[in-house]
2 protein chains.
Amino acid sequence: MITIDDVAKLAGVSKSSVSRVLNGNFEYMSEGMRQKIEKAIEQLDYRPNAVAQSLKKKETKVIGLVVGDLNSFWSEALRGVQDECMRNGYGLMVSESAWDPERDIANLNMMKSKQVDGLIVSPISQTNKVTELLNSFNIPFVFCDSTSGDILADHVVTDTIAGATEAVEYLIGLGHRRIAVVVFPLETDVRRDRLEGYKRALMKHDLSIDDSLIKIFKAGKGNAVDTVVQLLKSPDRPTAIFSTNMHLTLDVLKAARLAGLNVPRDVSVVGYDDTEWAPLLDPPLTTVAVPAFQMGVKAASLLLQKLQVKKSKKPKTVQVMPKLMIRNSASPLSVMRENPSIN
Amino acid sequence: MITIDDVAKLAGVSKSSVSRVLNGNFEYMSEGMRQKIEKAIEQLDYRPNAVAQSLKKKETKVIGLVVGDLNSFWSEALRGVQDECMRNGYGLMVSESAWDPERDIANLNMMKSKQVDGLIVSPISQTNKVTELLNSFNIPFVFCDSTSGDILADHVVTDTIAGATEAVEYLIGLGHRRIAVVVFPLETDVRRDRLEGYKRALMKHDLSIDDSLIKIFKAGKGNAVDTVVQLLKSPDRPTAIFSTNMHLTLDVLKAARLAGLNVPRDVSVVGYDDTEWAPLLDPPLTTVAVPAFQMGVKAASLLLQKLQVKKSKKPKTVQVMPKLMIRNSASPLSVMRENPSIN
DNA sequence: TTGTATGCGTTATCAC
DNA sequence: GTGATAACGCATACAA
């Protein structure tokens, strides 16, 4: 390994001077010295040892990302985080806890030990044990996507209710009045919020909430298909369906086909969660996209901003809006055929 | 920040003793001392400063991952890498170069500067500039998925040709004789290999290669659809299609629908590249899955193994086999209807 | 069995 | 302007 001393020796100067050019302290330095040193650095292909720098400067220029699951959301958000980090000269350490709360804690501790300058966290346990630990670390952090316990911390989230509301209002705007919703069991905030958004949209437009149009499915293969087929074959069938999850949406599309209904001509469909395949499906799916990349960027930039001004003010919440991706799986009600062919 | 000195002071011992328990050197140590120290560590909630440890030990217990693009392959492979790292007490730094060769080099340099113990690299430029740089670093590295230049280095790749061959042989095994292949322009090894596998499978079974069944499409929206529809409407249409790319596969499925053909009853389809949606599509797609997670694990374990035995032997190639995921988008030829209804 | 002293590669505070 | 020199927090060779 080649060190700052080697450079100093080759250039015939002291290492303090070398350190100065390394850190861009050219204020009181002769041109000659600067050039000599830069040449030596070049010649030796010298790269400063960031570990030693970190030890001395008490900052690593690395931030940590601790997520419960590198799922499709995070694999995209990660790119945003990484992008923002690189743009600002920060490295990025990532760790996944695979839904194991123990590992979540362990990963957090590991990050602290590695002396990361800041942390982006998407905790899996909803207890505020994580928040406490994070606070004890005494390093800046932000939650992203998911939060933990009583969140008095900075966080970046989407407005799920608003997203769902917008989706359903879009359908209402197309003239639909009987709109069904399919959703997984209401075990998480996200699911509850998506249903809540559906209800709010209806209420906002003085439409009654018909429980027979709210279908809750357990996760599992295909059990949604049959139910949706039945729903679509009933005399007072919905003219549109808001599907709160991509898996369910695929079932809904399949059910429509089985019921002999064309999407969007006979029945409109709007889904939640965008994927790279949504636009490629047949029909291209209108969905509510969670801007994962953007959220990653926001989380990172919020964190880096905190690193600049060490004095933390009051918690800041960045609300990112989901975006309705209008493709053509939903169409105006008037286009609908009066008597759709039902097999 | 609380240091080893604080612990030593609280326990009333020297810091070397503390260091010993930190590193598990209990060989010559009294029970009492050990317990005293462990209590002090506990009390102070002391966490060793990994940066200082790294500087001293000349190892960071961190490996770096440098990829050109955190695409769907890598977002899955990343999990494998991360998993293996965590299991072995290593941290993971990731960086993406967004297909910019400059950034690729920059990221590599950054990793070197951060003193990572090893590197997993998926370079974007096919020149051996990357390899040279990597070698100059003098730290262990392995290529994964993609390689660079004259690869005399360890690498983990899939046997693309074998995967494609297996897919087509599967179709042949089902009785198909007229098998079409759709592929993007042959600009990359991967694409060429997938086509090559197709050809080899045919040759292996003494089937002639019919150029009219080899369709090369430029990337772009839907231009594949029309061509495939025509292909499927021709009198001597293929009874099966091997689609070498997921995007193309979606087009193929759509084309089949437009041609009034049922998959798999009227025409069989096998795709390349598995996604989490493939099994959910209608019909569930038979594909050749690249075991991304597994490749990540292999790459990491190969690297970590090299970190153990610093003496590197001759380059090692880990060939991971793609796996044919048999679902039901392909069916035996005998089941096919004699006169499929063609619109 | 435990403590002392040195140095890892760098930055920063002082002299000069 | 430039160069000694002392830290940063820790591990380890050596002394005790």
Side-chain angles (χ1 to χ4, degrees), chain A residues 1-38 40-41 44-62 91 110 112-117 137-139, chain B residues 1-38 40-41 44-62 109-110 112-117 137-139:
Chain A
M1 146 151 266
I2 146 159
T3 77
I4 200 174
D5 290 281
D6 300 319
V7 178
K9 200 174 301 172
L10 178 61
V13 301
S14 78
K15 57 182 189 175
S16 331
S17 295
V18 179
S19 177
R20 285 193 189 93
V21 340
L22 253 40
N23 294 283
N25 280 338
F26 305 120
E27 305 178 47
Y28 308 108
M29 181 177 298
S30 63
E31 251 321 278
M33 163 121 320
R34 173 177 173 171
Q35 293 189 349
K36 255 193 307 184
I37 293 175
E38 278 172 345
I41 289 178
L44 294 174
D45 189 29
Y46 166 72
R47 250 177 306 266
N49 181 331
V51 171
Q53 290 180 314
S54 299
L55 180 60
K56 186 65 191 176
K57 291 191 177 174
K58 292 180 175 308
E59 69 168 1
T60 53
K61 285 285 181 182
V62 171
M110 192 262 249
K112 169 62 176 176
S113 167
K114 299 280 189 204
Q115 312 295 120
V116 295
D117 291 343
F137 283 174
N138 208 32
I139 64 179
Chain B
M1 146 150 266
I2 145 158
T3 77
I4 200 174
D5 290 283
D6 300 320
V7 178
K9 201 175 300 170
L10 178 61
V13 300
S14 79
K15 56 182 189 173
S16 22
S17 294
V18 179
S19 178
R20 286 193 188 95
V21 340
L22 253 40
N23 292 283
N25 279 338
F26 305 122
E27 305 179 45
Y28 307 106
M29 182 178 295
S30 63
E31 254 317 282
M33 163 118 319
R34 173 177 174 171
Q35 293 189 351
K36 255 193 305 184
I37 293 175
E38 278 172 345
I41 289 179
L44 293 174
D45 190 28
Y46 166 73
R47 248 177 305 268
N49 181 331
V51 170
Q53 290 180 313
S54 298
L55 180 59
K56 185 66 191 173
K57 291 191 180 176
K58 293 181 175 307
E59 68 167 3
T60 53
K61 285 282 179 185
V62 172
N109 279 319
M110 192 260 248
K112 169 63 177 177
S113 167
K114 299 279 189 205
Q115 311 294 120
V116 294
D117 291 343
F137 284 176
N138 209 29
I139 63 179

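A, B, ... follow the sequence lines: proteins, then strands. Residue 1 opens every chain.
On the nucleic acid side, DNA chain C contacts chain A at distances under 4.0 Å to non-hydrogen atoms, with the end points of that region at dG9(C) to dA12(C).
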Could you write out each protein N or O paired with an N or O of nucleotides 14-16 of chain D at a distance under 3.5 Å?
none

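The distance from atom CG of Asp6(B) to atom C1' of dG9(D) is 11 Å, rounded to the nearest whole Å. Protein atom NZ of Lys15(B) is 10 Å distant from nucleotide atom C1' of dC8(D), rounded to whole Å. Computed from coordinates, the Arg47(B) CZ to dC10(D) C1' distance equals 17 Å when rounded to whole Å. Here dT2(D) presents its P atom at 12 Å from CD of Gln35(A), a figure rounded to the nearest Å. When rounded to the nearest whole Å, the span between CD1 of Ile4(B) and P of dC8(D) equals 14 Å. Between Asn49(A) atom CG and dC8(D) atom C1' there is a gap of 13 Å when expressed in whole angstrom units. Per the geometry, NZ belonging to Lys114(A) stands 14 Å off P belonging to dC10(D), to the nearest Å. Straight-line distance from the CG atom of Asn25(B) to the C1' atom of dA11(D): 10 Å, rounded to whole Å.
For dA4(D), the base has a donor-acceptor partner in the side chain of Ser16(A) [N/O atoms by modelled type, under 3.5 angstrom].
A distance-only check finds a donor-acceptor pair linking the side chain of Ser54(B) to the backbone of Ala50(B) [under 3.5 Å]. For Ser113(B) (side chain) and Asn109(B) (main-chain N/O), no donor-acceptor pair under 3.5 Å exists by modelled atom type.
For Glu38(A), the salt bridge (charged side-chain N to carboxylate O under 4.0 Å, His left out) partners are Arg34(A), not counting sequence neighbours.
Counting heavy atoms from C-beta outward, Met33(A) and Ser17(A) have side chains that approach closer than 4.5 Å. Under the 4.5 Å side-chain criterion, counting only non-hydrogen atoms from C-beta, Thr60(A) is not in contact with Lys114(A). Between Leu22(A) and Ile41(A) there is a side-chain heavy-atom pair separated by less than 4.5 Å. Using a 4.5 Å heavy-atom cutoff, the side chains of Asp6(A) and Thr3(A) are in contact. Residues Val13(B) and Arg20(B) are not in side-chain contact: their nearest non-hydrogen atoms beyond the backbone lie 4.5 Å or more apart.
Remark: Asn23(B) is in phosphate contact with dA11(D), judged by side-chain N or O atoms under 4.0 Å from OP1 or OP2. The side chain of Lys56(B) contributes no N or O atom lying less than 4.0 Å from OP1 or OP2 of dC8(D).
Along DNA chain C, the nucleotide closest to Gly12(B) and the one closest to Lys57(B) are compared, and the more 5′ of them pairs with Gly12(B).
Between Tyr46(A) and the options Val7(A), Ile37(A), Leu10(A), a side chain to side chain contact (heavy atoms under 4.5 Å, CB included) holds for only Val7(A).
Among the heavy atoms of the strands lying under 4.0 Å from Lys58(A) are primed sugar atoms or P, OP1, OP2 only; no base atom is included. Here Val51(B) lies out of heavy-atom contact (under 4.0 Å) with every strand. The residue Thr3(B) sits close only to the backbone: its heavy atoms come under 4.0 Å of sugar-phosphate atoms, none of a base. Nucleic acid contact for Tyr46(A): sugar-phosphate only, since backbone atoms but no base atoms lie under 4.0 Å from a heavy atom of the residue.
Atom NZ of Lys9(A) has 12 or fewer heavy atoms from other residues, nucleotides or ligands within 6.0 Å.
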